[in-house]
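The structure appears below as structure tokens.
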There are 2 protein chains.
Amino acid sequence: MPGVPESKSPTVYDVARQAEVSIATVSRVLRRPDKVAAATRERVMAAVQQLGYVPNASARGLAGRRTGVLGLLIPGHDLPATSDREDARTATGEVAFIDDRDGSAADPYRNRYFEQLVRGAEAAAWREGYALMVAAGRDMGREVVMHDLAGRVDGLAAVSRTVPDELLRTSIGRTPLVLVAGHSTADGDGADGGSEGADGTEGAAEIDGADGAVDGVGPRGAVGTTADAVRVDNRGGMRALVEHVLAVKPPGPVLYLAGPPDSPDAAGRAAGFRDAIGGDGAGSDGGTGRDGTSWSEALGDFTWQGGHDAVAAHLEQDTPAAVIAANDQSALGALAALREGGVDVPGTCVVTGFDGIDESRWSTPALTTVRQPMLDLGVRAVELLLRRIADPGAPSTELLLPVDVLLRHSCGPHR
Amino acid sequence: MPGVPESKSPTVYDVARQAEVSIATVSRVLRRPDKVAAATRERVMAAVQQLGYVPNASARGLAGRRTGVLGLLIPGHDLPATSDREDARTATGEVAFIDDRDGSAADPYRNRYFEQLVRGAEAAAWREGYALMVAAGRDMGREVVMHDLAGRVDGLAAVSRTVPDELLRTSIGRTPLVLVAGHSTADGDGADGGSEGADGTEGAAEIDGADGAVDGVGPRGAVGTTADAVRVDNRGGMRALVEHVLAVKPPGPVLYLAGPPDSPDAAGRAAGFRDAIGGDGAGSDGGTGRDGTSWSEALGDFTWQGGHDAVAAHLEQDTPAAVIAANDQSALGALAALREGGVDVPGTCVVTGFDGIDESRWSTPALTTVRQPMLDLGVRAVELLLRRIADPGAPSTELLLPVDVLLRHSCGPHR
DNA sequence: CTGAAAGCGCTTACAG
DNA sequence: CTGAAAGCGCTTACAG
């Protein structure tokens, strides 16, 4: 292969020499082909082909002051320990047999909630000519990951509460940032308090002190800077769902199975419930709705067990005609408690969830729920980020995405 | 905020000035802290903190001749058209109601098959100090994506047949490459022919002409270069599964529901079936196994419909005591055909699949199947890639990962 | 339409 | 242990 360097990648200089032009022209052909004479362009392209030239993204990023990469930070778990993954077998032909009649062999480490988000963001980014770099916040070293990411990208979309606001502030520096609605999925991560208005107003996200990176320990800045954000209409979705339930449920009282008090998602959904039920009792834990329906509230924690236990306890005093759960997992727990209590769903009592997780499709009966537009969330986050990058000084935007109600068997016939 | 530049990100020079050291020392503190005196190190770290310094990854990549990024190329679909995503509503409070009693509202664009792969690769990459950049091959512009990716990463893992080998060769240039086992999921993508031995030998993957980038059109190089590869033990998994089935199935003939002839996965699984059934007839489409079991083969195409139709047609002549399908989707189709034909599963006939897709858990009866270690596939691909990057001249490696058999109700009681 | 030249922000031998 | 200097491979005004 005469004249072709085997070991080293060709550079603009190699291409320029081969095409007998300057490196400026090579660059122009690659970036703004219309600015170059057709004949020259073809010579250069031929040289590019021949040499198998691939532009070095680092050099591009450095010279052009943009990386062409967007970052996405999502919650995530660490890998299962190697010993769990590998078992003892590595050789071919050793096959493990697993009794999975209960379906429990599904990977517990899987976090499906954000897969769609990633897909949406990824597609939108490439469509706009950006690559997407995804990082799942590890329990260990989130700051490291953040920091690392911040230096690699032109902008960062972060799922709310993936990292502490403090970290966002100091790590990100001047990197454009978009906050993406949090998640209601209970995931051991605990702290679900954060940037959304706890009253369900879902106000703009605030990052305090984003103005100064000088003092990392002093009092938070009095004037918070507002970041762009994309959220999901928790409140409107729950309102619509509950209005539907009130129209179709059997006569009798309603039980609202709430989420944890410190979750903004839970707060938004609770507000939607109150919007729909109306009447007195707003703010308290029970009352009579505007249509005369009597209702009460039980406290869940977004987990299956929490939902199960709360409903089981409630059943000892009363049998509801509807259980409105703040999320799917607790609704699934409620379903189990009702079954154990001999309550027919949806005949005697209808049940609804919120989130649209896979399990909601496969429960018996299948769960009526509100699906969050995770794909769109990703797309919008990228769009917002791009806007912010294009105009760093623009006023901050907050998008509230509409949701879908998925009608399934758990809320009975659809009159 | 006196002395703090608001608009421009601080560089090593700013840090050096603040800490009263040279930029070389700043760099050293960040990369090899042990090589710097403790006092100096602390001064520099303080300056880094104060200025909110974030290293520029492009500059690092350029100077250090490595990007610290690994690429992963997976098959993928484009985003649904905007009109499909957005509907007419954007305002809050507009909620769509969707009748999902049949569970069909699941996102058809979703490709779950690779989500685990990505997770495994992502986690492994970060663990090793690399970031991961994922690109889903778009129908349009795969080459563009590939090319773009190649310039951004230190190495690339590509799912087999995501892009044509030709493209791999010319686009990737000198970027280290690892091939990851293909997929058997029928996905409209069609061409499933490729790098695995069609006889089930699953030999090393060959990329022809990887030696020269000079001639993009001439005859393929006579000596193919072998790329590293990670594969899944299709053959061993199917063999183990079938041995189990032979032990538990009701008396009667076996039907092997094969995959498309041009699929290497299908070939590997078919080979595993023949290993297990033994006896004569190897290579033909039926015969008598070594234990006297009579068997025949029907051709499927990895789709539900293909499996359904093939089995429905078969039922007109014979009722099998076991249907071994080459993948889950066709097994699910087979299940439906058997139900329509009034054949009791697993009482009269047992059924098995291959892949471990979600739907296999939720079918009635739940499907016994072989689960591919997708998470591990991602982890191993990254490990192999890192090894290759560390030693470009090393002989190529091929890993064959063991699989799990998931025993569920479709193959009856487990004696 | 094209070229010469500066510069993007780091890392890394090489001296000392 | 620390600093001066070269250089990584591009892009982008600025001239012409």
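Not measured: the values here are computed from a predicted model.
In this structure, B:V26 reaches neither bases nor backbone, as no heavy-atom distance under 4.0 Å exists between it and the strands shown. Counting non-hydrogen atoms under 4.0 angstrom, A:A37 reaches the backbone sugars and phosphates but no base. Using a 4.0 Å heavy-atom cutoff across all strands shown, B:R31 reaches sugar-phosphate atoms only and no base atom. Using a 4.0 Å heavy-atom criterion, one finds that B:S58 contacts no nucleic acid atom at all.
Side-chain N or O atoms of B:D154 include none that pairs as donor or acceptor with a backbone N or O of B:L70 at under 3.5 Å. Between the side chain of A:R388 and the backbone N or O of A:A394, at least one donor-acceptor pair lies under 3.5 Å. Judged by distance alone, with hydrogens and angles left aside, the side-chain atoms of B:R41 form a donor-acceptor pair with the main-chain N or O of B:V36 at under 3.5 Å. A:D14 contributes a side-chain N or O that, together with a main-chain N or O of A:T11, makes up a donor-acceptor pair within less than 3.5 Å.
First and last contacts of DNA chain C with chain A, using any nucleotide atom under 4.0 Å from a protein heavy atom and ordered 5' to 3', fall at C:dC1 to C:dG9.
Comparing A:A24 and B:R65, the nucleotide of DNA chain D nearest to each residue sits closer to the 5' end for B:R65.
B:L132 is not listed as a side-chain neighbour of A:V134, based on a closest heavy-atom distance of 4.5 Å or more.
For the pair B:R119 and B:E122, the salt-bridge criterion is not met [side-chain N within less than 4.0 Å of a carboxylate O].
Looking at residues two or more places apart in sequence or on another chain, you find a side-chain contact (heavy atoms from CB on, under 4.5 Å) between B:T397 and B:D228, B:L384, B:R387, B:L399.
The environment of B:E128 atom CD is dense: over 12 non-hydrogen atoms of other residues, nucleotides or ligands sit within 6.0 angstrom.
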Report summary line: Encoded 5' to 3' (Watson-Crick or G-U under 3.5 Å; [ ] crossing; | other strand), DNA chain D becomes |||.||||||||.|||

